[in-house]
There are 2 protein chains.
Amino acid sequence: MGVTLSDVALKAGVSRAAVSRTFTAGASVSPKMRARVETAALELGYSPNLLARSLTTRKTQLVGLVSNNFHNPVFLQIFDLVTKGLQERGLRPLLVNLSDETDPARSVQLLRQYSVEGVILATSHLPDGFASAFRDAGVAVVHAFGRPTGQTDVVGIDNVAAGQMAAQTLIARGYRHLGFMGGPEQASTTQDRLAGFSAAARALGGVVSHSFAGAYSFEAGRVEMTRLLAHPKAEAYFCADDVLSIGALSAAQAAGLRVPDDLGLIGLNDMHMAAWANINLTTIHQPFDAIVSGAIDLMQDRFADPTRAAQTRLFPCHIVDRGTLRAQS
Amino acid sequence: MGVTLSDVALKAGVSRAAVSRTFTAGASVSPKMRARVETAALELGYSPNLLARSLTTRKTQLVGLVSNNFHNPVFLQIFDLVTKGLQERGLRPLLVNLSDETDPARSVQLLRQYSVEGVILATSHLPDGFASAFRDAGVAVVHAFGRPTGQTDVVGIDNVAAGQMAAQTLIARGYRHLGFMGGPEQASTTQDRLAGFSAAARALGGVVSHSFAGAYSFEAGRVEMTRLLAHPKAEAYFCADDVLSIGALSAAQAAGLRVPDDLGLIGLNDMHMAAWANINLTTIHQPFDAIVSGAIDLMQDRFADPTRAAQTRLFPCHIVDRGTLRAQS
DNA sequence: CCGCTGAATGCTTTCGTTTGCAATCGAAAC
DNA sequence: GTTTCGATTGCAAACGAAAGCATTCAGCGG
C-alpha cells in the first residue's frame with residue numbers, strides 16, 4: 001500500500017515528471033519512455049493517487065448524490081441509473097442521506113470540503129436554500145425531480161401536465177367523481193400534480209376532491225385510502241406516486257372492493273413494481289432513464305460553462321395501461 | 001470558491017500554522033488566537049479542504065460502498081442504514097455499482113485511487129478474489145451478507161441455520177412435502193440456505209425438492225413458481241428471499257391457490273414490503289440494523305488494528321409470523 | 001529581578017501529483 | 001557537417017494543509 005510516483009520513477013530510472021506524464025492523458029511521452037515506465041509501474045502495482053492529483057488539476061471527478069428518500073423503492077431504480085451513468089462518464093458518486101435528523105447546512109459544507117465538482121439532488125422535497133447553497137459555492141448542481149425555478153438546473157417532468165393527463169384519462173374512462181391523493185402537502189410534486197389534475201378535471205366536467213397522505217409510502221397510502229373509503233366520494237383516484245397507489249390498492253382490496261370495477265386507481269412513476277402481476281397498476285410512466293441521463297448531461301454542461309443560465313429540461317410522460325382502470329368506454 | 005488556509009492567515013494576520021491548528025482537533029491554540037482565526041474564517045467562508053488534509057494525515061474518511069444488487073428493494077433499506085451509520089461516524093460512502101458490465105478489477109483500482117480507508121461489500125455474490133483484492137491492498141474490507149471464509153471480515157447471518165429454521169417451522173406447521181426455491185445457484189446464500197433446509201427437513205421426516213430462480217427478483221420467483229405449479233410436488237415452499245417469495249405468492253394466487261391453505265410460503269429477510277397488508281408474508285427476519293452497524297464496527301476495528309485476524313460476526317434470525325403459513329397444528 | 005517551565009506560535013518540510021520552463025535530443029533540410 | 005525546429009525530458013515550483021522543531025511568551029517560585 002502506498003507506492004508512489006517517486007517509487008516508480010526510481011525503479012524506472014527516470015524523472016518523476018516522466019512518470020506523471022505517462023499517466024496523464026495527452027501528455028508528451030515517447031513510446032520508449034512510456035513502455036519503460038509502465039513496466040516499472042506494473043511491477044510495483046502503482047496507480048496514481050487521484051486525491052493528490054486533484055490538488056493541482058482541481059478536478060476530483062467526485063459528484064455528490066443526495067437524497068432524502070430512502071423509503072420509496074423507486075429510488076433504488078434511480079440510484080441504479082445514476083451510479084451507472086456517472087460511472088460510464090468516469091465520475092464518482094459520494095452518497096449523502098439527507099435524513100431528517102441531519103443538518104442540511106452540514107451536508108452542503110461537507111460536500112464542499114470534499115471538493116465535489118457537482119451535486120445531483122434526487123428528490124422533490126428539499127430544505128430551503130439547499131440547491132442555491134451549492135450554486136453559490138460554485139458547484140454544479142442539478143435538481144432531478146424538482147420544480148423549475150429558473151435559479152438552478154432542473155430535470156424532470158411537467159408535474160402539472162402529468163396531473164392533467166391523469167384527469168383526462170380518468171374522465172375518458174367514464175369516471176366523473178375523481179379523487180386526488182397526494183403525498184406530503186408541502187412537496188412540490190404533490191402540489192403541481194394536484195393543480196393540473198383539478199384544473200383539467202373541472203374543465204372536463206368532473207367533480208374532484210383531494211387529500212394528502214403523510215408520506216410517499218405504502219402505509220401512508222393504505223391508511224389514507226382506508227380513511228377515504230369510510231365516506232366514499234370518488235369513483236376513481238389519482239395517487240401522486242405508485243407506492244402510494246399500491247397502499248391504496250391494498251386498502252381497497254381489504255375493503256372488499258373490486259378494482260377497477262368498484263374503484264379506479266391510477267398512479268405515477270411506473271416503477272418496476274407497478275408491473276408485478278399481483279399489483280398490475282395502471283400508471284403514468286415517468287422516464288427515469290431520460291431524466292437521470294439528462295441530469296448528468298446538464299451537470300457536465302455546467303462543468304464546461306459555470307456561468308450559463310439555469311436550464312430546465314422536462315420530459316414527456318405517458319400512460320401505461322394495466323389493470324386498475326377500466327377500459328376506454 | 002477556493003478560500004484557503006493562507007487567505008485566512010493573511011486576513012487574521014497570523015501564521016498559516018495557527019489557522020491549521022484551530023481547525024485540527026487537539027492542537028495547542030490559545031483562546032484568543034482561536035477566536036481571531038475563527039472570525040476571519042467565518043468572514044471568508046473558509047472550511048478546510050479535506051482532500052488536501054488527507055494528504056498529510058493519511059485519513060480520507062472515505063469508505064467504498066459496493067453492491068451489485070440494485071434491483072432488490074431490500075437494498076434500499078440497507079443503503080439507508082449504511083449511509084446513516086457512516087454519517088454518524090463521520091465517514092463518507094463512495095457508492096460503487098458493481099453491475100455485470102463493469103470490470104471488477106477496475107472497481108478495486110478505482111477505490112484504491114480514491115484512497116478509501118475501508119470498503120463495505122453489501123452483497124452475497126461477488127466476483128472471485130474481489131474481497132481479498134482489497135485486503136491485499138491494505139484497505140479494511142468487510143463483507144456484509146457474505147459467507148464466512150476466515151480470510152476477510154464477514155458480517156451476516158448463519159444461512160445454514162436460517163435454512164434449518166425454515167424447515168423446522170414448516171414441519172412444525174404440519175407440512176411434509178417441502179420445496180426450496182433458491183436464487184441464483186452460485187450465490188452462497190442460496191447454497192447455504194438450501195443445505196440447512198434440506199438437512200433439517202430430512203432429519204425431521206420431511207420430503208424435500210428444490211429448484212433455483214434465475215435471480216433474486218419478483219419476476220424470477222413468479223416464473224419459477226408458475227413452472228413448479230404445473231407439476232406440484234410440495235405443499236409449502238421456503239423461498240430464499242422475500243422478493244422471490246412475493247413473486248411466488250403472485251404465481252400461486254394467479255393459479256387460483258389459496259395461501260396458506262393450499263400452499264404455504266415462507267420467505268427470508270423481512271423487508272418492509274413483507275409487512276404490506278396485501279402481501280403479509282411470513283418470513284425469517286434478518287436483523288439488518290445489527291448487521292450493518294456490526295459491519296461498520298468491524299471496519300473501524302480494523303482501522304485501529306490492520307493486522308488482526310479476520311473476524312466473523314453472525315446475528316440470530318427469528319420467524320415473523322404473518323399470513324402465508326398456516327398456524328401451528 | 002532572575003531563572004525556569006510549559007504553553008503558544010511561527011518556520012519549514014512534507015504529503016503525491018501536475019505543470020511551466022528550460023535544457024536536451026533527434027532527425028530532416030541544407 | 002551544420003542548422004533548425006519540434007518532440008522529449010528534467011528541474012523545480014506549485015496545490016492546500018499538517019506537524020516536527022525551534023523560538024517566543026507568560027507566569028511562577030525564588
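Values in this document were obtained by computation on a predicted structure and should not be read as measured data. Numbers restart at 1 for each chain; the letters A, B, ... are given by sequence-line order, proteins then strands.
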- request: Rounded to the nearest angstrom, tell me the gap between atom CZ in A/Arg112 and atom C1' in D/dG16.
  value: 15 Å

message: Determine whether the aromatic ring centres of residues B/Tyr114 and A/Tyr114 are separated by less than 6.0 angstrom.
response: no

Which donor-acceptor pairs under 3.5 Å do the side chains of residues 292-301 of chain A make with protein atoms, sequence neighbours left out?
residue	atom	partner	partner atom	Å
A/Ser293	OG	A/Asp289	O	3.2
A/Asp297	OD1	A/Arg89	NH2	2.7
A/Gln300	OE1	A/Arg89	NE	3.2

query: If the sugar-phosphate is the primed atoms plus P, OP1 and OP2 and the base is the rest, what is the B/S/- string for nucleotides 8-20 of chain C, using protein heavy atoms under 4.0 Å?
result: BBBBB-BBBBBBB

Basic-acidic side-chain contact under 4.0 Å: B/Lys84, B/Asp80: yes

- request: Using a strict 4.0 Å threshold on nitrogen-to-oxygen distance, state whether B/Asp7 and B/Arg16 make a salt bridge.
  value: no

- request: Give the rounded distance in Å between these two atoms: OH of A/Tyr114 and P of D/dG16.
  value: 18 Å

Mutual orientation of the aromatic rings belonging to B/His71 and A/His272 [parallel < 30°, tilted 30-60°, perpendicular > 60°]: tilted

